[in-house]
Structure formats: C-alpha cells, structure tokens
Amino acid sequence: MAGFRLFDLNPEQETAVRTTEGPLLILAGAGTGKTRVITARAAFLIAEGVAPEQVLAVTFTNKAANEMRERLATLIEKPQAKKVTMCTFHALCVRILRQDIEKLGYKRNFSIYDEGDQMGLIKKLITRTAAKDEKLDPSVAKNLISKAKNHAWNAPPDEQTLLGAVYLRYQAELKTLNAVDFDDLLVLTVKLLTEHADVRERWQRRFGYLMVDEFQDTNRLQLELVSHLADARNNVAVVGDDDQSIYGWRGAEVSNILEFEAHFPNPVVVKLEQNYRSTNAILNTANKLITNNPRRRPKQLWSAQGDGAKVRIVQMLDDRQEAEFIANEIATRQVTEHAKWEDFAVLFRMNAQARLIETNLRQLKIPYRIIGGKSFFDRREVKDLLAYASALLNTDDDVSLLRIINTPARGISPATVERATAISARKKCSVFAALSDEDFRSELTPRATASIDAFIELLDSFETRLNTPLTVQNGVLRDLIAKVGYLEDLRRSCKTPEEGLQREHSVMELMKQFTEYEGRSAEGLRGFLDEMMLRNERQDDDDELKGDGVTLITLHAAKGLEYPHVYLIGVEEGVLPHDRSKVEGTVDEERRLLYVGITRAQTTLALTWCHSRFKYGSVTPCTASSFLKELPPEWTEHRHAGQILNAPVEHAASGDRFAAMKAMLDRL
DNA sequence: AATCGTCTGCTTTTT
DNA sequence: GCAGACGATT
C-alpha cells in the first residue's frame, strides 16, 4: 500500500475502505464521515494498483460530485484524481447515450428537456388532443408519465382516456423532437445496456469498481443501471442511510437499501455509527425517535463529544411569537455566546414558513440567507439562451425553437407559429423545416414571409458558424445575443430597472460560465448545454450571496448540511407530519424528515410548536406533533416561549440583554 | 399585444 | 394570503 495511509479512520471506516472486492453495503448514519470513506476508498483502490479510470463514484447532485472530486485531489496526486469518474447518475447516462443512442433510434445530437420544457410539451399535447369539454391538469399528467417511466410500465394506460392518449403521444413526440427528458436519460440507458450486450460489456470493462452515494435515494431504474454496470465483477460499494430516506415521493425506493442482499448477494455490511457532528443529547433524541419506524436497519449513533445541552422543546402561542422568539434569541446569543450569524439555521417543513422568520430577522437587522426558491436555471433569460443553443444544435427541437421564434419580437405572430406547427404535424417534419415549406409560405402575408426568411437566415448563419471547426463557441453565442438584440429586449420587458439589472446579470453569469467551460473542455456548446441542463442547483454557489447570515432552509434541502445551532420550527400535527402524509401513508417518511432535521444540529437544538398558526389566510388552531411524544424525556426539556421571552431579569441575563440590545443598535 | 382582474388551490424538489 | 394561470378587455 505504497504512498497512501489510512488517515485517522475509525475501525469501521477502515473496514469499509479496505473491503475492495465484492458487494459492500456501508450503512452510514448522519454525520459519520461517509464522504470521507468514499474518497478514502477511491484513494485506497488506486494505491492498491487499480487504474484510476476503473473507479466510478455516482452521486445524486453535482455538489456532492464536486465535493468528492476536490477531496480526492487532496488524497492522491492530481493527474490520478482527474482520471477517476465522479459524477451524477444523469451525467453518466448522458455520457453513455451520446455514444450509442443511435442504437435506440435517436440521433446523437439529442436535446435534454428539463421539467419546464416537459411541461410545455405536455400542455401542447393536451390542448391538441382534448375535446372541448375535457380537462387535464398538465402537472398531473407529467407526474403520471414520470411514474410510469420509473416503474417501467410497458402497458400504457387506457388509450381511450385523454390521459392515456397524451401519455402515448408524449413519448412519440419526444422522439421526433430528438429529445429526451430526465427520466428518459435513465430509461434509455438501461434499455441500451439491456438490449446491447456489446455496449454493456464495454462499460462493464470500463468501470471495474463502482461506488454509489446516497443509495437510499436511488429509484428502480438507478438500481438497474448499477446492476448492469456491476454485473461482471460485482465490485459495487453503496453508501447510504435508510433513516434518511426522504425522497420516496420522487420515486426513491428505500427497499433498494433495505433489501440490498437480495440485489447483491452476500455483501460485506459495515455500519458507521460514530458521529462526528453532534452531542449525545441530540443523537439520543434522534435515535429514540427513529426507533418508531418499523422498516429500518437498526443503528445507534453515538458521539465521543459528550452529552451537551438538552434538546429544548418550546411551545408558542402562535407563529408570530415563534418568529419573534427565534429572532430575539439569535440576536442575543450572537452576542452572549460569541456566535457567528452563520452558526444558526432555521429549519422548516414548508417554504411558506420562512416568510415570517424573514420579516422578524429583518426587523432586528440580522443578516440571513434563504436556501431554495427559484433556480438559476428556471429564470426566463437563462432558459431563453439555452433554448437558442439547443435550437441551433438540434434542428428537430421544436420546443426550444418555439420558445425563441419570436423572442425578442421579430414579427412572427402566434397565428403564423400556429400555422407552422400545423404544417409540421401534417408533414411529419420539424417546425424549422416547416418554415421553408411552400404550403406554409403560401399562406403568409409578404410581411410575415420576410420575417420568417430573416429568422431562417439567422439560424442558418449561426449554425454554420457553430459547425466551423476551431471557433470559440462562446464568441458565437455572444454574437448571437448581440445580433438579436436580446439584452435590449430583456431590459425593455422588465418592470423595474432593478429587475432588468438582475436579469442582465444572469445572462452575464451564464456567459462567464460558458467561458470557464471552454477553458476546461473541448466539448463546445453541446457539452456546455448538457452540463447546464443537468444542473438544476440553487444559486447559493454564485459569488454574490455567498456571505454570512442565518440560514433559512427546508428540511429536505438541509440533508447533508450541519449547523452549530438549529431551530426546527412548526413541529405540529399537520405540518410535521404533514396532513397529506396521513392519507398517503407516508408518516414514516415524515418521521425520517424530523430525524434528518434533528441530526443537522451540532451543539444546540430547539424544536418549536405553536398553539395556532396563520394558514391559507386564516388562523387555525394547532397541536404539538405526535412525534414530540416519541422523544426521550431524559434528553429533552419543555418550555413556553412566554417564560423565556419574559424571563425574570437575572444579573447575567440582564447584562446579556443589554449587550444584545446595544449590538442591535450598532447594526442600525 | 399587452395589461388588468378574478379564480383557484395550496409539501417537499438531488437531475 | 398569495402566486400563477387564464380569460376578458383596451
């Protein structure tokens, strides 16, 4: 094992790292150093003589993949680390499909549709298919289509129903658009590997050692994909925690991890239970809660860091008091405990709960940042530019074409567009091809014809430039933006100058990222677009909002993160567990959600609940969450917010209050 | 083509 | 209570 030491690993972690052959299940509880184990294991494999190209680590998010890559680079030499594949499931699928998708009847320049594109297409199909009196919610249709794909339901639903018809047409339409949605990336890759032994064997040879992160979140297709890739040597190591499975509603199958032995016989099973994050008061609270879940692999987190303070369960009059209490306390503790703002996090079940907290923090001039909300890639201007790129690279991509055909306005009216799509449907050609069609053009006014010609000319010229070898492609995109006057149009369409600046900034940001991309890759606009389409991540990593502040975050988004001081709010029946979980039979998953929330805390934790809450525009009475009864009395303490807010002034406390008040005044 | 008004319906959101 | 969607109106 030359050149590599098993730095500071505990015995279980070391076993996980040293077990290199055959199936391996690493049950990694919250805060037990799972990323460290994965990266150390990759490093160990390479130190043992495995070629770095042979190692594949699959994650769910780009963030996780990047983090691992960076960590690995600190363990082994950079050129070696670079050869290891660390990517998301979806990115891996794109790589596989870009090579061999032709075997499935798609073209290699296929476009990737995100949820917005998908919705647009489904809406179009519904209006095209529905009779006058029929109605179908597009998001219902979208969810069903996704579910069907993930369950590999080959038999389509009743074709007679509108839903069935839309379902069938959707798939056919995507294929003629030469496009795939996120689900297709997995479906088609699995199909390719199933039906084409040569391709399968090639990828099996390529990756001799597989690792899968967050295995509790894999769905059926992802499991199938892993099985296919692992088939030959079965060197598959998965890391996960069934207790943190909170994405069942998105198709994740906890059974993948619960029944791992059925999928990969005779694995070595390693349990990581030593937690490096929290106090034992916090861990024992979490441990006790989760034992109420019936289907799980028993685990007991423990820490060498001592008991710590008891977990506080604080009851409030209402959500107003809850927000006030939290803002006040954070302001005080920042001073008295010499804490930084970013040491505090407020966790909640629903985004709507953030609003009141936000207001109260703002009143006290406490800096904060909200994680979640709208994605960078959901912004209109970003979508527009990516649609331009996609339309240039894949002329069959009608969805992107239609998005930009009159953006900025260039005299192509909805009526004209409607005619073009009708022609394309009748002649079974792309909308772009329809634009040059004689039958179509004969229906137009001279004016409209001129606009159409200018548009065709525009796309043709830029397409030619893109296909010219050795061009700097981001220059092409830049010229395109200038040529169509995109920025001017963007500014004009904004209500406020602020908004205009914000949107312009997004465009600049996108271009900046493209420039960076061209610096590190030779894949050009195609590669850049792929990467962009597979990055739905929130904008918290761009430089502007990086700074400090109290974090406001949903329980889902908080998974994997940690904070010294956590406030988990709205622990009420109906909120957590959410009302809907009862009818859906997913209360266990809600319990895991609370478990995830509790285990985010490093040193202190407060759970709060209100006797009444403003909900959907009216005050509704609330009761404490039934989960609170499941917590261990010896590690928790119950309080009323009123007691704490109006606590009798003690000497120390009054000093604290005074200091906090002064600090606040200083911020003003 | 754009803007205004009213209706609805409402968790969570890795790609 | 509020956002987002859709339809009517200028």
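This one's a predicted model, so the numbers in the text were calculated from it and none came from an experiment. Naming convention: chains lettered A, B, ... in sequence-line order (proteins, then strands); numbering from 1 in each chain.
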Novice: Dump the pairs, protein N or O against N or O of nucleotides 8-11 of chain B, anything under 3.5 Å, distances to one decimal.
Specialist:
from: B:dT11; atom 1: OP1; to: A:Tyr616; atom 2: OH; distance (Å): 3.0
from: B:dT11; atom 1: O4'; to: A:His578; atom 2: NE2; distance (Å): 3.4
from: B:dT11; atom 1: O4; to: A:Glu584; atom 2: OE1; distance (Å): 3.0

Novice: Under the side-chain contact (heavy atoms from CB on, under 4.5 Å) rule, collect the residues that match up with A:Asn143, sequence neighbours excluded.
Specialist: none
Novice: Given atom CD of A:Gln244 and atom P of B:dT13, what is their separation to the nearest angstrom?
Specialist: 16 Å
Novice: Nearest whole angstrom, please: distance from the C1' of B:dT13 to the NZ of A:Lys559.
Specialist: 12 Å
Novice: Using a 6.0 Å distance limit plus a 45 degree cone around the ring axis, check whether A:Arg98 lies over the aromatic ring of A:Phe110.
Specialist: yes
Novice: Specify the residue among A:Ile412 and A:Ala252 whose closest nucleotide of DNA chain B lies further upstream toward the 5′ end.
Specialist: A:Ile412
Novice: Measure from CZ on A:Arg592 to P on B:dT12 and round the result to the nearest Å.
Specialist: 19 Å
Novice: Residues two or more places apart in sequence or in another chain: which of them pass side-chain contact (heavy atoms from CB on, under 4.5 Å) with A:Gln171?
Specialist: A:Tyr106, A:Lys149, A:Leu174, A:Asp184
Novice: Identify whether any heavy atom of A:Phe89 sits under 4.0 Å from a base atom; if not, whether one sits that close to sugar-phosphate; answer base, sugar-phosphate or nothing.
Specialist: nothing
Novice: Counting the atoms with a prime plus P, OP1 and OP2 as sugar-phosphate, which does A:Asp183 contact under 4.0 Å by heavy atoms, base, sugar-phosphate, or nothing?
Specialist: nothing
Novice: Under the ring pair (Phe, Tyr, Trp, His ring centres under 6.0 Å) test, which residues partner A:Tyr170, sequence neighbours left out?
Specialist: none
Novice: So, is B:dT12 syn or anti if syn means the angle is within 90° of 0?
Specialist: anti
Novice: Would you call A:Asp530-A:Arg526 a salt bridge at under 4.0 Å N-O?
Specialist: yes
Novice: Give a yes or no on whether the backbone of A:Ile96 and the side-chain of A:Asp100 come within a donor-acceptor separation of less than 3.5 Å.
Specialist: no
Novice: When the distance from NE2 of A:His556 to P of B:dT13 is rounded to whole Å, what number comes out?
Specialist: 7 Å
Novice: Any chance you could lay out the side chain to side chain contact (heavy atoms under 4.5 Å, CB included) test for A:Lys383 and A:Asp114, step after step, and finish with the verdict?
Specialist: CA-CA 10 Å; A:Lys383 291 232 64 188; A:Asp114 67 13; 3.1 Å; yes
Novice: Indicate whether any N or O donor in one side chain lies under 3.5 Å from an N or O acceptor in the other, for A:Gln216 and A:Glu214.
Specialist: yes
Novice: CG of A:Leu347 versus C1' of B:dT12: gap in Å, rounded?
Specialist: 13 Å
Novice: For the pair A:Lys582 and A:Glu573, find out whether any cationic side-chain nitrogen is under 4.0 Å from an anionic carboxylate oxygen.
Specialist: yes
Novice: Using whole Å, report how far CE of A:Met119 lies from P of B:dT13.
Specialist: 16 Å
Novice: Could you tell me how far apart A:Lys142 (NZ) and B:dT13 (P) are, to the nearest whole angstrom?
Specialist: 13 Å
Novice: Could you give me the stems involving DNA chain B, meaning stretches of three or more consecutive Watson-Crick or G-U wobble pairs whose two defining distances are both below 3.5 Å?
Specialist: B:1-10 with C:1-10
Novice: Would you please say whether a donor-acceptor pair under 3.5 Å links the side chains of A:Asn293 and A:Asp243?
Specialist: no
Novice: Taking CG from A:Asn62 and C1' from B:dT15, how many angstroms apart are they, rounded to a whole number?
Specialist: 8 Å
Novice: Would you mind checking if A:Glu589 and A:Arg592 are paired as a salt bridge, meaning a charged N to carboxylate O distance below 4.0 Å?
Specialist: yes
Novice: Would you say the side chains of A:Glu590 and A:Ser581 form a donor-acceptor pair under 3.5 Å?
Specialist: no
Novice: Work out how far the C1' atom of B:dT11 is from that of C:dC6, and round it to whole angstrom.
Specialist: 25 Å
Novice: Where does the chain A footprint on DNA chain C start and end, counting 5' to 3' with a 4.0 Å heavy-atom cut-off?
Specialist: C:dG1 to C:dC2
